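Below: the structure, in structure tokens.
Being a predicted model, the structure only gives us computed values, none of them experimental. No hydrogens, no waters, no symmetry mates; every other heavy atom, side chains included, goes into these values.
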Amino acid sequence: MDYIKKLVKKYEDEVIEIRRDLHKHPEVGFDLDRTSKKVADKLKELGFEVKTNIGKTGVVGLIRGDDSGATIALRADMDALPMNESTDLDFASVEEGKMHACGHDGHTAILLGVAMVLAEIKDELKGNVKLIFQPAEEGPGGAEPMIEDGVMKNPEVDAIFGLHIWLEIDAGKVGVKTGPLFASIDEVDIKIKGDSAHGASPHQGVDAIAAAAEVINSLQSIVSRKINPIDSAVVTIGKIEGGYVRNVIADKVNLEGTVRALNSEVRKQLEEEIYKKVKNISSASDADYEIEYRHLYPPLLNDEEMTDLVKNNAIEVMNSENVIDVEEPTMGGEDFAYFLKKVPGTFFLLGGRNEEKGITASHHNTHFTFDEDIIVDGVEIMIRSVLDFLERNE
């Protein structure tokens with residue numbers, strides 16, 4: 001394993017340079033032509049079997065060891081966010097309205113660092129390693145299209161690991177958690193339809209604003225009164241549009257919300273309660289309604305055995321005092337969850353915060369960056385976990 005550490009260190013500067021190049025030239029969603037080409041070209045250079053345009057602009061690299069062994073997959077997301085950057089980094093984004101504000105540039109660079117090391121130890125592998133470079137994690141979601149395009153087949157994937165650079169954890173530390181780590185994400189659009197009238201004669205119309213206000217207030221009671229208190233859930237109406245002028249009864253109001261849960265049963269219950277509340281309040285207000293409910297990412301559920309495997313290897317890299325058992329999941333979403341619905345695996349958090357270096361901005365912040373010293377830790381944990389898994393399953 002000292003040999004692995006030396007190999008990881010050997011490629012540190014190149015991996016950091018890749019991260020900076022990706023950060024300087026961010027791409028959003030599925031529009032990842034430059035990023036995908038850079039990834040594919042590097043994998044080909046390293047001797048991987050490479051497939052492109054998987055899930056639109058996804059890239060897959062396969063390195064074969066002992067074909068009689070298992071196949072482990074590792075995943076990195078490649079996309080940036082549609083926002084302007086406010087950092088003073090030498091490699092700040094040169095693309096207007098695009099920024100790597102969630103660490104995906106680091107995820108991609110780390111996985112390419114893993115590829116560099118794997119290429120050197122190919123003959124020692126007890127099975128196959130599939131590297132998945134995914135588009136559109138920030139939306140509309142690239143994991144599911146890649147799965148539909150067969151990314152988990154040929155050869156069949158037996159388990160999968162992924163990581164997220166996490167600014168709520170200090171650099172030099174790693175967070176792991178069995179079970180739910182990220183919430184499901186659903187979206188709801190609600191239209192309340194009334195009948196307009198003069199503001200001085202509300203009895204001659206049906207006030208969509210009044211009905212919408214009741215709907216909003218009622219939806220807030222779902223989590224507090226319909227969901228078991230030991231279960232976590234969120235129903236948030238984040239946008240409301242309605243009305244014309246102060247003296248006209250509005251005939252329509254549009255509401256937009258996000259709905260989140262940590263297990264599938266609560267997720268289903270939230271949807272049912274939202275439909276019930278909207279229907280009943282609209283009926284009582286003599287209003288009509290329409291609901292568009294979109295299921296996005298499922299809850300991310302880490303496998304216990306795979307989490308323990310990664311935890312043990314993280315301890316080898318970081319020492320036990322720097323490997324944290326995450327107590328509380330986040331209500332944010334992550335479409336790595338789709339992969340975990342197919343095979344056992346785990347998703348862990350690589351701390352990136354460093355107050356001494358002034359690196360404290362949260363994810364999706366215009367000042368976001370992370371401590372690049374963590375990159376080698378991410379590469380080494382991944383490599384060690386891959387070798388451990390393949391040895392256990394040879």
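- Salt-bridge annotation for E14 and K42: present, with a side-chain N of the basic residue lying under 4.0 Å from a carboxylate O of the acidic one.
- Scanning for salt bridge (charged side-chain N to carboxylate O under 4.0 Å, His left out) contacts around E241 gives K239, with sequence neighbours left out.
- Within 6.0 Å of CD in E321 there are more than 12 heavy atoms belonging to other residues, nucleotides or ligands.
- If you take CG on L22 and CZ on R34, they are separated by 7.0 Å, rounding to the nearest 0.5 Å.
- The aromatic ring centres of W166 and F182 sit less than 6.0 Å apart.
- Expressed to the nearest 0.5 Å, how far CG of L81 lies from CG of N365 amounts to 11.0 Å.
- In terms of modelled atom types and a separation under 3.5 Å, the side chain of T330 and the main chain of G332 share a donor-acceptor contact.
- Two residues are said to be in side-chain contact when any heavy atoms from C-beta on lie closer than 4.5 Å; F370 and D105 meet this criterion.
- Residues I383 and L118 are in side-chain contact: their nearest non-hydrogen atoms beyond the backbone lie under 4.5 Å apart.
- Two residues are said to be in side-chain contact when any heavy atoms from C-beta on lie closer than 4.5 Å; L350 and V174 meet this criterion.
- With respect to D325 and K311, a salt bridge is recorded, a charged nitrogen being found less than 4.0 Å from a carboxylate O.
- To the nearest 0.5 Å, atoms CD1 (I4) and CD (E316) are separated by 13.0 Å.
- A salt bridge does not link K37 with D33: none of the charged nitrogens is closer than 4.0 Å to a carboxylate oxygen.
- Heavy atoms from other residues, nucleotides or ligands lying under 6.0 Å from CG of D88 number 12 at most.
- The backbone N or O of M318 sits less than 3.5 Å from a side-chain atom of N322, completing a donor-acceptor pair.
- Chaining together hydrophobic side chains whose heavy atoms lie under 4.5 Å apart places V234 alongside L262, M331.
- The pair R384-E380 counts as a salt bridge, with a side-chain nitrogen and a carboxylate oxygen less than 4.0 angstrom apart.
- Here the CE-CD1 distance, from M382 to I110, works out to 7.5 Å after rounding to the nearest 0.5 Å.
- For the pair P344/E304, no side-chain contact is recorded, criterion being any heavy-atom separation below 4.5 Å from C-beta on.
- Listed by chain and residue number, H23 satisfy the ring-ring contact (aromatic ring centres under 6.0 Å, His included) test with F91 (two or more places apart in sequence, or in another chain).
- Under the ring-ring contact (aromatic ring centres under 6.0 Å, His included) criterion, Y275 pairs with no residue, sequence neighbours left out.
- Following chains of ILVMFWY side-chain contacts shorter than 4.5 Å, one can reach L163 starting from M116, so the two form part of one hydrophobic cluster.
- Partners of F368 under the ring-ring contact (aromatic ring centres under 6.0 Å, His included) rule, at least two apart in sequence or in another chain, are H363.
- Taking a 6.0 Å sphere around CD of Q220, one finds it holds more than 12 heavy atoms contributed by other residues, nucleotides or ligands.
- Between R20 and E17, no side-chain nitrogen of the basic residue sits less than 4.0 Å from a carboxylate oxygen of the acidic one, so the salt-bridge criterion is not met.
- Proximity of a side-chain donor or acceptor of S184 to a complementary backbone N or O of A261 within less than 3.5 Å is detected.
- Contacts classified as side chain to side chain donor-acceptor pair (under 3.5 Å) and involving residues 134-146 (residues at least two apart or in different chains) are given here: R75-Q134, H104-E138, Q134-D335, E138-H364.
- Using a distance-only test at 3.5 Å, with no hydrogens or angles considered, no donor-acceptor pair links the side chain of K130 to the main chain of I160.
- Using a 4.5 Å heavy-atom cutoff, the side chains of L167 and S362 are not in contact.
- Side chains of T346 and V176 form no contact here, defined as non-hydrogen atoms less than 4.5 Å apart.
- Donor-acceptor pairing under 3.5 Å is recorded for the side chains of T87 and E85.
- With hydrogens and angles ignored, the 3.5 Å screen pairs no side-chain donor or acceptor of S218 with any backbone N or O of K277.
- Contacts of E49 classified as salt bridge (charged side-chain N to carboxylate O under 4.0 Å, His left out), with partners at least two apart in sequence or in another chain: R64.
- Between atom CD1 of residue I18 and atom CG of residue D21 there is a gap of 8.5 Å, rounded to the nearest 0.5 Å.
- Without hydrogens or angle criteria, T108 side chain to D77 main chain gives a donor-acceptor distance under 3.5 Å.
- In the model, E120 has a side-chain atom that pairs as donor or acceptor with a side-chain atom of Y11 under 3.5 Å.
- Tracing side-chain contacts under 4.5 Å through hydrophobic residues (I, L, V, M, F, W, Y), one never reaches I54 starting from L62; they form parts of separate clusters.
- Y338 and F161 sit in two unconnected hydrophobic clusters of ILVMFWY residues. Membership requires side-chain heavy atoms under 4.5 Å apart, directly or through other members.
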Checklist entry - Please walk me through it: do E334 and Y297 pass side-chain contact (heavy atoms from CB on, under 4.5 Å)? => result CA-CA 7 Å; E334 167 57 65; Y297 305 165; 5.5 Å; no

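- The nearest pair of heavy atoms linking A211 to A287 is CB-CB, 4.5 Å.
- Partners of F339 according to the ring-ring contact (aromatic ring centres under 6.0 Å, His included) rule, which considers only residues two or more places apart in sequence or in another chain, are F336.
- Atom CG of D79 and atom NE2 of H107 lie 10.5 Å apart (nearest 0.5 Å).
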Next on the checklist: Show, in sequence, the C-alpha distance, side-chain angles and deciding distance for L340 and D303, and conclude whether the side-chain contact (heavy atoms from CB on, under 4.5 Å) test is met.
Outcome noted: CA-CA 8 Å; L340 292 178; D303 177 81; over 6 Å; no

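- Within the 4.5 Å cutoff, side-chain heavy atoms of V8 are placed close to those of V117.
- Members clustered with I230: none, using a 4.5 Å side-chain heavy-atom cutoff among hydrophobic residues.
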Next on the checklist: Between V157 and K342, is the side-chain contact (heavy atoms from CB on, under 4.5 Å) condition met? List the steps.
Outcome noted: CA-CA 9 Å; V157 172; K342 295 294 182 181; over 6 Å; no

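- Between D373 and K357, at least one side-chain nitrogen of the basic residue sits less than 4.0 Å from a carboxylate oxygen of the acidic one, meeting the salt-bridge criterion.
- Contact annotation: the side chain of N302 never approaches that of F348 to less than 4.5 Å [non-hydrogen atoms, C-beta and beyond].
- Residue pairs meeting the side chain to side chain donor-acceptor pair (under 3.5 Å) criterion with at least one member in residues 190-217, sequence neighbours excluded: K193-E290.
- Note on residues 242-255: pairs passing side chain to side chain donor-acceptor pair (under 3.5 Å), not counting sequence neighbours, are Y244-D251.
- Sorted by first and then second residue, the side chain to side chain donor-acceptor pair (under 3.5 Å) pairs with a member in residues 255-267 read D186-R267, T258-R260; sequence neighbours excluded.
- Using modelled atom types, one side-chain atom of S93 and one backbone atom of E95 make a donor-acceptor pair closer than 3.5 Å.
- Note on I375: it clusters hydrophobically with I381, by side-chain heavy-atom contacts below 4.5 Å among ILVMFWY residues.
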Next on the checklist: For a side-chain contact (heavy atoms from CB on, under 4.5 Å) check, start with the C-alpha distance between V39 and L112, then their side-chain angles and the critical distance, and finish with the verdict.
Outcome noted: CA-CA 7 Å; V39 168; L112 285 176; 4.2 Å; yes

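- A salt bridge does not link K268 with E271: none of the charged nitrogens is closer than 4.0 Å to a carboxylate oxygen.
- F30 and F133 are not part of a single hydrophobic cluster, where members link through side-chain heavy atoms under 4.5 Å apart.
- No donor-acceptor pair closer than 3.5 Å links the side chain of T57 to the backbone N or O of N53.
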